[in-house]
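Working notes, beginning with the structure itself.
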Amino acid sequence: MAEQTKVKFLVFRGTEEDNTLKEYTIDFVEGMVVLDAMLEIQAKYASDLGIRCNCKAAKCGSCTAEVNGMPRLMCKTRLSSLPVDKPIVIRPLKAFPLIKDLVSDISWNYEVNRKITPFTPKEDCDWRIYQDDVDRVQEFRKCIECFLCQSTCHVLRTHDKKDSYFGPRFLVRLAGLIMHPLDSIDRTEHVKEQAGIEYCNITGCCSEVCPEKIKITDNAIIPLKERTVSRYYDPLISIFRYFFRKKK
Amino acid sequence: MSKYKTHEYDVLIIGSGGAGLRAAIAAKEKGAKTAIVCKCLLGKAHTVMAEGGIAAAMGSLDPDNWQTHFQNTMFGGKYVNDWRMTEIHSKESPDRVRELEQWGAVFDRTKDGKMLQRSFGGHTYRRLVHVGDRTGHEMIRALQDKVVSMGIDIYMEFMISHLLLDDGRIAGAFGFFKDTGKFVVFNSKSVILATGGMGKIWRITTNSWDNTADGISLAYFAGAELKDMEFVQFHPTGMVWPLGVKGLLVTEAVRGDGGLLTNNKGERFMEKYDPKLMELSTRDLVARAINQEVREGRGTEHGGVYLNISHKPSAYVKKKLPSMYDQFLEFADLDITKQPMEVGPTCHYMMGGVSVDPQTQMSTTDGLFAIGEIAAGLHGANRLGGNSLSDLIVFGRRAGSAAADYAKGMKSLPIIDQKEIDEHKDWLFSFFETKSDCPPSLVHTKLQDIMERDVGLIRDDEGLKKVLSDLDSLSQQYKNTYLEGNLQYNFGWHIAISLKFMLITAKIVSRASLERKESRGALYRKDFPKAEEEWGGKSVVIKNKDGNMSVSTVPIQPMPSNLEDYIKKEKEEWLNKQK
Ligand SMILES: Cc1cc2nc3c(=O)[nH]c(=O)nc-3n(C[C@H](O)[C@H](O)[C@H](O)COP(=O)(O)OP(=O)(O)OC[C@H]3O[C@@H](n4cnc5c(N)ncnc54)[C@H](O)[C@@H]3O)c2cc1C
Ligand code: SF4
Ligand code: SF4
Ligand code: FES
């Protein structure tokens, strides 16, 4: 790694109809992240590159792309973590329609978000909230809406079930609302009927890509499934319970 | 009929940071037809980066009150704040924070279930309501959910490139969708600028890529008066290493929660500069102290100083500063629970901006309002940490409501001048027609070089004059910038447009710095190193007069005696020290 001075990239350029993987070579600088490399390519060789970036600090969730096939935040992916002896392939997120280059149309996520009833506090509460009661909720609220989990989940990515499944990001949001000690709404039916929680078969791939390290499956989805199963029947969660909970 | 798609509104809000979102809620509550446009995606505005907290005298832990908050803010601002705004801010912040909680924000708690508050530089009491070190993000989510549930129209990834006027009064705004390049006219009775700051004029900055001074320049060309533009805050603690993240913020909460600053000799050097407040002194002082330590050879390997929190229990650091812990581990392979960080000053915040009415936030252009970082007044010559987030919600609400009232008072929509739009559109296309070898990013880099060199922490007459002449030649070069590709999601085109905004704003900052012949708060003039009493009574204002930049000073209104009483003693002590 120490001698590496040049790094090669194959960057997806173009639209759905007309595209290529274009090769660019840049100088390696210590500590560089993929986003630095893309911005350098933009500055020097491809002024019209389509790319999203705002915070450059892994806080806004804009700069998503697939780096060697893995959905990542470009500003959080250091070149030193990649095999730079081979060209690094940068593509837009796969699960969403393409706009141009590395920019995909993620508007579907915003539509799903609109279907969730926001926090609705109980009447006449005194707003005393204890830390222990919101630790979990705060974990879910860390979500930066990068939608990497959405792009990873096979239900959306491979099976394109966008009409029937909200995806992990929005189960995380729902879990945050349901576990809020002062929320007054019964959301169980919503989680089953509209959010389509049954589509999740607990593969855990979403948690693996989450840059905020939210334990999406263990802490959000499984507890939600358990809630629905106490009211409705979900074969998967019954099996899951049988095998995993027993061991404890 | 216009040849462009036209949308009509009572209140058009440009920007979806904390300020813009809060204004939208207030305008909609008043029944105004309201829209938000923002060049980022919803939920990704610069505000999401805010870490440390929201300053509000809630008194969860300490006997805090608005008077002390007022006193601290005026002292921080070195008494050139708009005292009326500072008073409103101190009084109204707690209610605005409670509202966030009611809309779903989940802040850290005290043992007895109240909102936990932390210490921060310049605040007498523990005052910053927070969630770990991701407070701005929490604010944005709460406001975003509220805005979405109210059904407010949102045009995201839409860049406003021009404000429209009807006989000197605001008539709307013009711009395009980034994904398609489609032009749209917004015909609106009122417009609220909530476009945030201008950090991208500098290279070493904490600011997001969106902060390209758009709003300042839009307001300037719409004839609005700008104020206090010389006051730019350099945060004392940015990362200095690795290069790719140079400038990235290391939150003041590290010091608030017990972090210590030392030089390469292991000395807690703040003892020399501010023995009373030490690490928690005001940002200008700490930034210049670090600068001096480094200049005098007491810096670290990468040209900063050490900031150390590793004496605190590892679990405490991870709970209170989770993003800092991750940030250093990810970007610098450094475990802050075990090793010290290396930090140095980085461009952070503009105190100046559009000059506004303290009650309504209306600018000197009728129907044009400004809120949040782009509005001047509240912070004077230097902002205290945490005061921006409360600024956003206090004045966001006021402006939303005032703009709705203003719109109600207008019988019909203002008239849009088609010729003005056509001319502007020709300019937007012109970049694609030029033939040269100067891409926009090169102009941007040169601009940043100039600003880093002479419009940083320490300025003087000679350097500033050189900047002005350099900016003139760079502006010539800018006219020949060329672009590739088409209007569809073209990063280069977006920079090229923003460069117009940045170049003019760089000039405004330099002219204002040249005008104020003293040092105060964030402005340090090597050739006038002390604060002067006479300058304590006036503000530098800049305005576009028939295409020329006019620079002048206006007197600050005297404060009523009841407010004066809160600050008198401290102010006198400070003034005496200046002599
Ligand atoms: C790293 C960091 C940490 C901070 N921590 C704190 C803290 O702990 N406490 C505190 O009080 N303050 C903090 N601040 C300061 C505070 O975050 C900002 O001052 C504040 O968020 C600014 O908010 P805003 O609503 O004015 O604008 P922003 O959040 O900057 O939003 C600007 C909006 O305008 C849009 N926009 C800009 N130009 C255009 C255009 N031409 N067309 C369309 N849309 C446009 C952008 O897309 C964006 O939506 C911090 C700042 C940084 C950088
Ligand atoms: S665990 Fe569920 S939500 Fe996550 S990737 Fe697998 S199927 Fe999708
Ligand atoms: S849950 Fe994690 S991966 Fe999914 S959108 Fe949120 S931050 Fe991104
Ligand atoms: S640019 Fe904000 S997450 Fe990468």
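What you see is a predicted model; the values in this text were computed from it and never measured. So you know, we letter chains A, B, ... as the sequences are listed, proteins then strands, and number each from 1.
- Contacts between B:A496 and chain A at a heavy-atom distance below 4.5 Å are absent for every atom of the residue.
- When heavy atoms are compared at a cutoff of 4.5 Å, B:N211 does not approach chain A at all.
- Only the side chain of B:Q327 has a heavy atom closer than 4.5 Å to any heavy atom of chain A.
- The aromatic rings of B:F177 and B:Y155 are tilted relative to each other, their planes meeting at an angle between 30° and 60°.
- Proximity to chain A (any heavy atom under 4.5 Å) is shown, for B:K146, by neither the backbone nor the side chain.
- Of the two parts of B:L42, the backbone and the side chain both hold a non-hydrogen atom closer than 4.5 Å to a non-hydrogen atom of chain A.
- A salt bridge links B:R96 with B:E99: the closest approach of a Lys/Arg side-chain nitrogen to an acidic carboxylate oxygen falls below 4.0 angstrom.
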Could you give the side-chain donor-acceptor pairs of residues 136-150 of chain A under 3.5 Å, partners two or more places apart or in another chain?
| from | atom 1 | to | atom 2 | distance (Å) |
| --- | --- | --- | --- | --- |
| A:R136 | NE | A:E139 | OE1 | 3.2 |
| A:Q138 | OE1 | A:Q131 | NE2 | 3.0 |
| A:Q138 | NE2 | B:V106 | O | 3.1 |
| A:Q138 | NE2 | B:F107 | O | 3.4 |
| A:Q138 | NE2 | B:D108 | OD1 | 3.0 |
| A:E139 | OE1 | A:N219 | ND2 | 2.9 |
| A:E139 | OE2 | A:K215 | N | 2.8 |
| A:E139 | OE2 | A:N219 | ND2 | 3.3 |
| A:R141 | NE | B:E138 | OE1 | 3.4 |
| A:R141 | NE | B:E138 | OE2 | 2.4 |
| A:R141 | NH1 | B:G104 | O | 3.2 |
| A:R141 | NH2 | B:G104 | O | 3.3 |
| A:R141 | NH2 | B:E138 | OE2 | 3.1 |
| A:K142 | NZ | A:E212 | O | 3.4 |
| A:E145 | OE1 | B:Q144 | NE2 | 3.3 |
| A:E145 | OE2 | A:R169 | NE | 3.1 |
| A:E145 | OE2 | A:R169 | NH2 | 2.9 |
| A:Q150 | OE1 | A:R169 | N | 3.0 |
| A:Q150 | NE2 | A:N109 | OD1 | 3.1 |
| A:Q150 | NE2 | A:F166 | O | 3.0 |

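- At a 4.5 Å heavy-atom cutoff, the contact between B:S323 and chain A is made by side-chain atoms alone.
- Contact annotation for B:M115: neither backbone nor side-chain heavy atoms come within less than 4.5 Å of a heavy atom of chain A.
- In summary, B:D133 and B:K320 do not engage in a salt bridge, as defined by a charged side-chain N under 4.0 Å from a carboxylate O.
- There is no contact between B:K39 and chain A, counting heavy-atom distances below 4.5 Å.
- For residues 120-130 of chain A, heavy-atom neighbours of chain B at less than 4.5 Å comprise A:P121, A:W127, A:R128, A:I129, A:Y130, sorted by residue number.
- Under the side-chain hydrogen bond (donor to acceptor under 3.5 Å, both in side chains) rule, A:Y24 has a single partner from A:E40, A:R13, A:Q42, A:K8, which is A:R13.
- B:L483 touches chain A through backbone and side chain together, each having a heavy atom under 4.5 Å away.
- Between chain A and the options B:H46, B:E101, B:K114, heavy-atom pairs under 4.5 Å are most frequent for B:E101.
- For B:T346 and B:H235, the side-chain atoms include no donor-acceptor pair closer than 3.5 Å.
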